[in-house]
Amino acid sequence: MQNIQSYIENNKDRFLSELIDLLKIPSISADSAYKKDTIKTAEVVMSSLKKAGCDTVELCETDGYPIIYAEKIIDKNLPTVLVYGHYDVQPPDPVELWDSPPFEPVIKPTELHPEGAIFARGACDDKGQMYMHVKAMEFMTTQDQLPCNVKFMIEGEEEVGSVNLSKYVKENQEKLSNDVILISDTGMIAKDTPSITTGLRGLSYVEVEVTGPNRDLHSGLYGGAVANPINVLTKMIASLHDENNHITIPGFYDNVEELSKDERAQMAKAPFSLENYKKALDIDAVYGEEGYTTNERNSIRPTLDVNGIWGGYIGEGAKTVIASKAYAKISMRLVPNQDWQNITNLFKKHFESIAPKGVKVKVNPHHGGQGYVTPIDSIGYQAASKAYEDTFGKTPIPQRSGGSIPIVSLFEEELKSKTILMGFGLDSDAIHSPNEHFGVWNYLKGIETIPGFYKHFVELSK
Ligand code: BES
Ligand code: MN
Ligand code: MN
């Protein structure tokens, strides 16, 4: 029987090469051109779970991409941990900004990762972090150190809204029953500052369309005499924030959870350097809602951002034209107690109401989900905290994240259990951006820390 450190030492090359093989398959759920690859990825995940010692491994068909379910039940009287992750990735665009092709993984040193980082789309989000759990499972089963039951549920549609997973969870409550849900799909503060994510923001995502005249027009012959949809759309969007960067949609803040002074003071203790933050992004100032710090703005406060805007002529040279239509994609990040469907309705009502005469406005809701917060006095949180103490020699800091994993609140609703977010990524990993990477150190540290969670969870559950 080996301990986890020597097991990693003896197997780390294989742990890396297996992950690299997984990263080579472009499982882009948003783009149907990659359907075969995405299904192939599901099959690879399935066989990796079999090899890791799961007894039952299933490929569950859905109306979209398959869900991989696997389990190892050693004793019905012992606790059950449900691991969730996703094998789909974001599109790599713009591909020309990558230093190496997104689906040809390479290990290169960086300033933060002198020992090397794996560069590939999905390296951190979430193939790399999901695969840490597969390897931790392999360690526990082969080295006779699995202390409880485990279920795995790995989906292929997280990056496109988890619609089919929602259905699957609602229809399989019994099968998915568990004592705690464990996810690695978030980040931590720094390599020497472990943290556990205690909150995720909700999301409402909409697309808007502004239509002016029934066709594109000559901007000289008609300019100044009809509403220009692009002018109108940008003005409407600009009006969604006031001079203090508060969102102007009536009712938007009605249910926002206000943190106590004490909670905010607690948050402010997390190490953070505004100078480094600005330097890393090459900006001369931060920007955001009046009255809140940077860390508050990107975690406990709701936001509204344009994610894309288009219309008119964007080819080479100039074309004098007034476009018939203008479009934008808008995301709103939400905080606990804001209901995403209610916010979507408020947005729609408000956006339609501010349209000037001369244009037609359409608001098409995309997807969304609720935010999530988890207490730090649960057995699950305490077990995770002890696991980090064992491998980092430090107590992790609880931290609310600004990102979203909408399925987590549905897990709580349907499966009645808490989720523990043990993320090992860093903000600098560039998830969703060109040159996404994941530190080799972080990957191996994750594999090292995860078995401790199981051990402590079982001990604390007694
Ligand atoms: N893993 C991310 C979410 C995340 C990353 C949370 C880092 C906290 C820290 C996830 O894959 C993701 O990208 N979620 C989307 C939402 C989804 C509905 C497309 C997001 O947050 O934009
Ligand atoms: Mn993810
Ligand atoms: Mn993502």
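First listed ligand is number 1; within each ligand, the first listed atom is number 1.
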> Any idea which N/O/S atom from Asp125 gets closest to the Mn ion (ligand 3)?
Replying inline: OD2
>> As a test of reading the structure, name the N/O/S atom of Glu159 that is nearest the Mn ion (ligand 3).
In response: OE2
>> Heavy-atom pairs closer than 4.0 Å: do any link ligand 1 to the side chain of Met188, the backbone, both, or neither?
In response: neither
> Taking the six-membered ring for Trp, is the centroid-to-centroid distance between Phe424 and Tyr388 below 6.0 Å?
Replying inline: yes
>> Counting only heavy atoms, tell me which of Ile431, Asp185, Leu421, Ile407 gets closest to atom 1 (N) of ligand 1.
In response: Asp185
> By number and element, which atoms of ligand 1 are closer than 4.0 Å to a non-hydrogen atom of Pro406?
Replying inline: 18 (C)
>> From the N, O or S atoms in His432, identify the one nearest to the Mn ion (ligand 3).
In response: NE2
> Of the options Tyr443, Phe119, Trp98, which is the one that meets His437 in a ring-ring contact (aromatic ring centres under 6.0 Å, His included)?
Replying inline: Phe119
> What angle, in degrees and rounded to 10°, do you get at the Mn ion (ligand 2) when you join it to NE2 of His86 and to OD1 of Asp185?
Replying inline: 100°
> Which bit of His432 is near ligand 1, meaning a heavy atom under 4.0 Å away: side chain, backbone, both or neither?
Replying inline: side chain
> Which heavy atom of Ser428 sits nearest a heavy atom of Leu112, and at what distance?
Replying inline: OG-CD1, 3.1 Å
> Hey, is Ser162 touching ligand 1 through its side chain, its backbone, both or neither, going by heavy atoms under 4.0 Å?
Replying inline: neither
> Is a side-chain donor-acceptor pair under 3.5 Å present for Glu155 with Tyr168?
Replying inline: no
> Which option, Gly425, Gly403, Ser401, owns the non-hydrogen atom nearest atom 9 (C) of ligand 1?
Replying inline: Ser401
> Phe152 and Tyr69: aromatic ring centres closer than 6.0 Å?
Replying inline: no
> Any side-chain donor paired with an acceptor under 3.5 Å for Thr391 and Thr449?
Replying inline: yes
> Which atoms of ligand 1 have any heavy atom of His86 under 4.0 Å away?
Replying inline: 11 (O)
> Nearest 0.5 Å, what's the CD-CD distance between Glu296 and Glu263?
Replying inline: 11.0 Å
